[in-house]
Amino acid sequence: MKDFIKELDNLLLGRYGGFKYAPYGALKKLKPKFKDLDLPCVTTLYNWINTGITETNPIDLVKKPKLRSRKVKQAMQKRCFGKSIDERPVEANLRSEIGHFEIDTIQGKKMATDKVILVLTDRKSRYNIVKVINSKTSQDVNKAILELKAEYGSKLFKTITADNGSEFSELNKVHSEVYYAHPYSPWQRGSNENNNGFLRRVITKGKAISSFPEEEIYYVNDIMNAYPRRIFNGLSAEEVFHTHYVLPSGPRVA
């Protein structure tokens, strides 16, 4: 059990690539390695952390990202650049099939010279696709979408749900099925927001995206796609995604 606790602390404290695991994910990750041990449940892990059995303290744990209240601001309403999320197909709303994506960008330092991470999250599997682009402009976003379609196959991308940021204002030029969330409603792209929180465990706010090697960004995304998910009873987003869809050239390797 001593070796298990040591490895548990390594995952919880982010000693492998800087990516911190939550207790549930760490337990699922370690089960195959310690299959001969009678491992504790998640509740017991939290008790260990709270009582000092582990090196990890409660303050060290990953905090779940909080979305804004579901109260839409009345003043300064943003314009919608195309079809409303209210018109989105039922398959996308119900997460019944692969290929319905939420899209967002992650910034480091808000300066024109810094790069940006484009993030697409599949609603059914929570599988994440990221691409580093030169700037937060509609031109660079559209260029990236065309490149991703060529890489992953255009049939993969059925719908894309965006917020009303200007970088997504011309998405309908490169994809026909684009839907826009209501203003000030990040929960309508909740899978996207949650995955962004995963990436932020390493790609921290306030630090220029350009300061991170691109290989590291793709590596962190791969870790997240392989992360055990409670919603899938311990399966990863990658496992769920590849159960339903095979990429033209096989799974992406960063």
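This one's a predicted model, so the numbers in the text were calculated from it and none came from an experiment.
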Is there a donor-acceptor contact under 3.5 Å linking the side chains of [X] and [Y]?
X	Y	value
His100	Glu97	yes
Glu7	Tyr16	yes
Ser138	Glu167	no
Arg95	Ser191	yes
Ser135	Thr137	yes
Asn128	Asn225	no
Asp122	Ser125	yes
Arg88	Thr161	yes

Which class fits the ring pair Tyr245 and Phe241: parallel under 30°, tilted 30 to 60°, perpendicular over 60°?
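Judged by the thresholds at 30° and 60°, the geometry between Tyr245 and Phe241 is tilted.
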Can you list everything that forms a side-chain contact (heavy atoms from CB on, under 4.5 Å) with Ser166? Sequence neighbours excluded, please.
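By the side-chain contact (heavy atoms from CB on, under 4.5 Å) rule, Ser166 matches no residue at all.
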Could you list the residues that satisfy side-chain contact (heavy atoms from CB on, under 4.5 Å) with Lys115, not counting sequence neighbours?
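Val132, Asn134, Ile209, Ser210, Glu214.
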Minimum heavy-atom separation for [X] and [Y], please, with both atom names.
X	Y	answer
Arg126	Asn195	O-ND2, 3.0 Å
Val174	Ile145	CG2-CG2, 4.0 Å
Ala226	Glu238	CB-OE1, 4.1 Å
Ala208	Asp114	CA-OD2, 3.4 Å
Asp104	Glu193	OD2-OE2, 4.2 Å
Ala92	Arg123	O-NE, 2.7 Å

Should the pair Lys29 and Tyr227 be classed as cation-pi, given the thresholds of under 6.0 Å to the six-membered ring centre and 45° from the axis?
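Verdict for Tyr227: no cation-pi partner in Lys29.
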Check whether Phe198 forms a cation-pi arrangement with Arg229 (NZ or CZ under 6.0 Å from the six-membered ring centre, at most 45° off the ring normal).
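Yes, Arg229 and Phe198 form such a contact.
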From Asn221 atom CG to Ile203 atom CD1, the distance as rounded to the nearest 0.5 Å
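Answer rounded to 0.5 Å: 9.5 Å.
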Would you compute the distance between atom OH of Tyr127 and atom CD1 of Ile98 and round it to the nearest 0.5 angstrom?
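It comes to 10.5 Å.
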Under 6.0 Å from the NZ atom of Lys143, do we count more than 12 heavy atoms belonging to anything else shown?
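No - once you tally the heavy atoms of other residues, nucleotides and ligands closer than 6.0 Å, there are 12 at most.
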Between Glu177 and Lys83 (salt bridge meaning N to carboxylate O under 4.0 Å), is one present in this structure?
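Lys83 and Glu177: salt-bridged.
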